[in-house]
Amino acid sequence: MSSPSLNNFRRIVIKVGSSLLIDSAKGEVKSAWLTALAADIAKLHADGRDVLVVSSGSIALGRSRLKLPRGALKLEESQAAAAVGQIALARIWSEVLGAHGIGAGQILVTLQDTEERRRYLNARSTIAKLLEWRAVPVINENDTVATNEIRYGDNDRLAARGATMASADLLVLLSDIDRLYTAPPGSNPDARLIPIVESVTAEIEAMAGAAESELSRGGMYTKIEAAKIATTAGTHMVIASGKVDHPLQKIADGGLCTWFLSPANPVTARKRWIAGSLEPKGTLTIDAGAVKALRAGKSLLPAGVIRVEGHFSRGDAVLVRGPDTHEIGRGLVAHDAENAERIKGHTSPDAMRILGITGRAEMIHRDDLVIGVAPH
């Protein structure tokens, strides 16, 4: 099977590990390497791709700025170092992308932001707006508030969660661990490169090695875990070396790497999850005109809703029924039950006026809606 091409992807998340970004001896950013990476990102951006970055490095930068001694830090010391480092990291990304006329937006998340529905939706909306404005979201774990009990622990899994949140179709893990081998190549001379992984099996999981750098929390194990998260959500993933200049261009040129393939795309994977994995918390009954619109691929607007039932929050799954009570489909509702009741039957401008908001007024956006087969 031939490897995918970087040019085939529309929305790309790039994860940059601490050991690539930070010179451990000097405690400073590797400016020349980052400048080359920014040029790669700018090229993708100019080609019309949506690009997101997941960047480590805030604690390492904070340690350097504060001149802290080497060795393990206590939790509160790590959090304080991250507070200093996050400012420096955000400025660095803003400057290197700004040199290409690209805006950068900082997104700091904790584990709860991708696990709790309301927070997830808020973060997803912020990312979507930044991409709409053609800015590059730079995502990092919020180490200033995360504790050992509520953290990702590595940016590989954070990157995978971020990629699924953004409905990305490709996740690029740039690392000092450049690709997957049948065994750790440093200790096994017979180790073979695996260029393509069609499915993350138990055999693939058994090939995971350990971390290679004191700055890296993740090893191959966390990359395999990230691949499981990403590919299940319809996102392809590639592991490639970040030790070279212009690492994204090297991938585009067919350089050695390992591709993890997804059997779906982000939209179909998300809709499969909506259709089969979520318990509906309520029901929206709609009129015949809305039924026709939904079957034509439109979003559900408040004007088409004639009855609201159940107790649901924004982002919950709800059933959608036609005027004859036949189930039309199901989706993730954009308003809680109270607000849905207030705006049902109203035009979109009236609904926004009633709620005191501006922007989209869909009851369910078409990307969050799964329509069943029409009855004969």
Side-chain angles (χ1 to χ4, degrees), residues 10-11 13 50 109 112-129 131 160-171 228-237 262-287 290-302 304-322 325-341 343-344 359-375:
R10 170 190 59 89
R11 180 167 292 175
V13 174
D50 291 338
V109 298
Q112 292 161 311
D113 293 320
T114 57
E115 300 302 319
E116 293 182 10
R117 190 77 197 140
R118 187 177 294 272
R119 293 188 184 188
Y120 173 94
L121 288 169
N122 289 337
R124 179 179 165 89
S125 296
T126 300
I127 289 170
K129 183 54 67 175
L131 293 174
R161 294 291 189 194
T164 62
M165 186 190 306
S167 295
D169 44 11
L170 177 64
L171 168 61
K228 289 161 61 177
I229 294 168
T231 56
T232 299
T235 301
H236 295 285
M237 191 181 97
S262 172
N265 63 56
V267 173
T268 58
R270 179 174 171 80
K271 292 200 173 189
R272 186 164 58 240
W273 170 65
I274 293 170
S277 303
L278 297 177
E279 178 185 355
K281 299 293 182 65
T283 300
L284 301 180
T285 302
I286 62 177
D287 61 29
V291 172
K292 183 177 180 181
L294 297 194
R295 295 207 183 281
K298 305 292 186 182
S299 297
L300 176 60
L301 302 178
V305 178
I306 55 180
R307 187 162 62 251
V308 176
E309 299 172 272
H311 300 281
F312 51 83
S313 300
R314 175 177 174 243
D316 282 342
V318 295
L319 295 176
V320 180
R321 298 188 183 277
T325 73
H326 178 81
E327 182 176 332
I328 304 301
R330 58 185 63 193
L332 305 182
V333 68
H335 303 280
D336 61 28
E338 181 181 352
N339 282 338
E341 180 66 37
I343 64 175
K344 72 178 184 184
R360 292 177 174 172
E362 297 99 338
M363 194 72 82
I364 303 176
H365 190 272
R366 63 184 181 183
D367 290 346
D368 296 328
L369 189 62
V370 181
I371 303 300
V373 177

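Along the sequence shown, residues carry numbers from 1.
Of the inter-residue distances, the one linking D169 atom CG with T235 atom OG1 reads 7.0 Å to the nearest 0.5 angstrom. L131 contributes atom CG, which lies 11.0 Å from atom OG1 of T126 (distance to the nearest 0.5 angstrom). Taken to the nearest 0.5 Å, the CD1 atom of I364 stands 11.0 Å off from the CZ atom of R330. Between the CG atom in D50 and the CG atom in L170 there is a gap of 12.5 Å [rounded to 0.5 Å]. Taking CD1 of I286 as the reference point, atom CG of L294 lies at 4.5 Å (rounded to 0.5 Å).
Scored by the side-chain contact (heavy atoms from CB on, under 4.5 Å) test, A168 finds R11, V13, A163 as partners (sequence neighbours excluded). Under the side-chain hydrogen bond (donor to acceptor under 3.5 Å, both in side chains) criterion, K228 pairs with E205, E225, not counting sequence neighbours. Applying the side-chain contact (heavy atoms from CB on, under 4.5 Å) rule to A123 yields the partners M165; only residues at least two apart in sequence or on another chain are considered. Taking the salt bridge (Lys or Arg N to Asp or Glu O under 4.0 Å) definition, one finds that K129 meets it with E132, sequence neighbours left out. In terms of the salt bridge (Lys or Arg N to Asp or Glu O under 4.0 Å) criterion, residue partners of D368 (sequence neighbours excluded) are, by chain and number, R270. Checked against side-chain hydrogen bond (donor to acceptor under 3.5 Å, both in side chains), N339 has the following partners two or more places apart in sequence or in another chain: R342. Looking at residues two or more places apart in sequence or on another chain, you find a side-chain contact (heavy atoms from CB on, under 4.5 Å) between S125 and R314. In this structure, the side-chain hydrogen bond (donor to acceptor under 3.5 Å, both in side chains) partners of S167, at least two apart in sequence or on a different chain, are R124. Partners of E309 according to the salt bridge (Lys or Arg N to Asp or Glu O under 4.0 Å) rule, which considers only residues two or more places apart in sequence or in another chain, are R307. Scored by the side-chain hydrogen bond (donor to acceptor under 3.5 Å, both in side chains) test, N265 finds T268 as partners (sequence neighbours excluded). Residues forming a side-chain contact (heavy atoms from CB on, under 4.5 Å) with V370 (at least two apart in sequence, or on another chain): K271, I274, A275.
For the pairing with T283, the side chain to side chain contact (heavy atoms under 4.5 Å, CB included) check across V318, L319, T325 returns one residue only, L319.
Contact of the R366 side chain with the K298 side chain is not registered, since no non-hydrogen atoms from C-beta on lie closer than 4.5 Å.
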side-chain contact (heavy atoms from CB on, under 4.5 Å) assessment of V333 paired with M363
CA-CA 6 Å; V333 68; M363 194 72 82; 4.2 Å; yes
Just do the side-chain contact (heavy atoms from CB on, under 4.5 Å) check on V308 and L284 with the steps written out, would you?
CA-CA 5 Å; V308 176; L284 301 180; 3.9 Å; yes
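G234 and S262 make their closest contact through CA-OG, 3.1 Å (heavy atoms, listed as atom of the first residue, atom of the second, distance). The two residues K281 and F312 have their closest heavy-atom pair at CB-CB, 3.8 Å.
When atom types are taken as modelled, the side chain of T232 and the backbone of I229 share no donor-acceptor pair closer than 3.5 angstrom.
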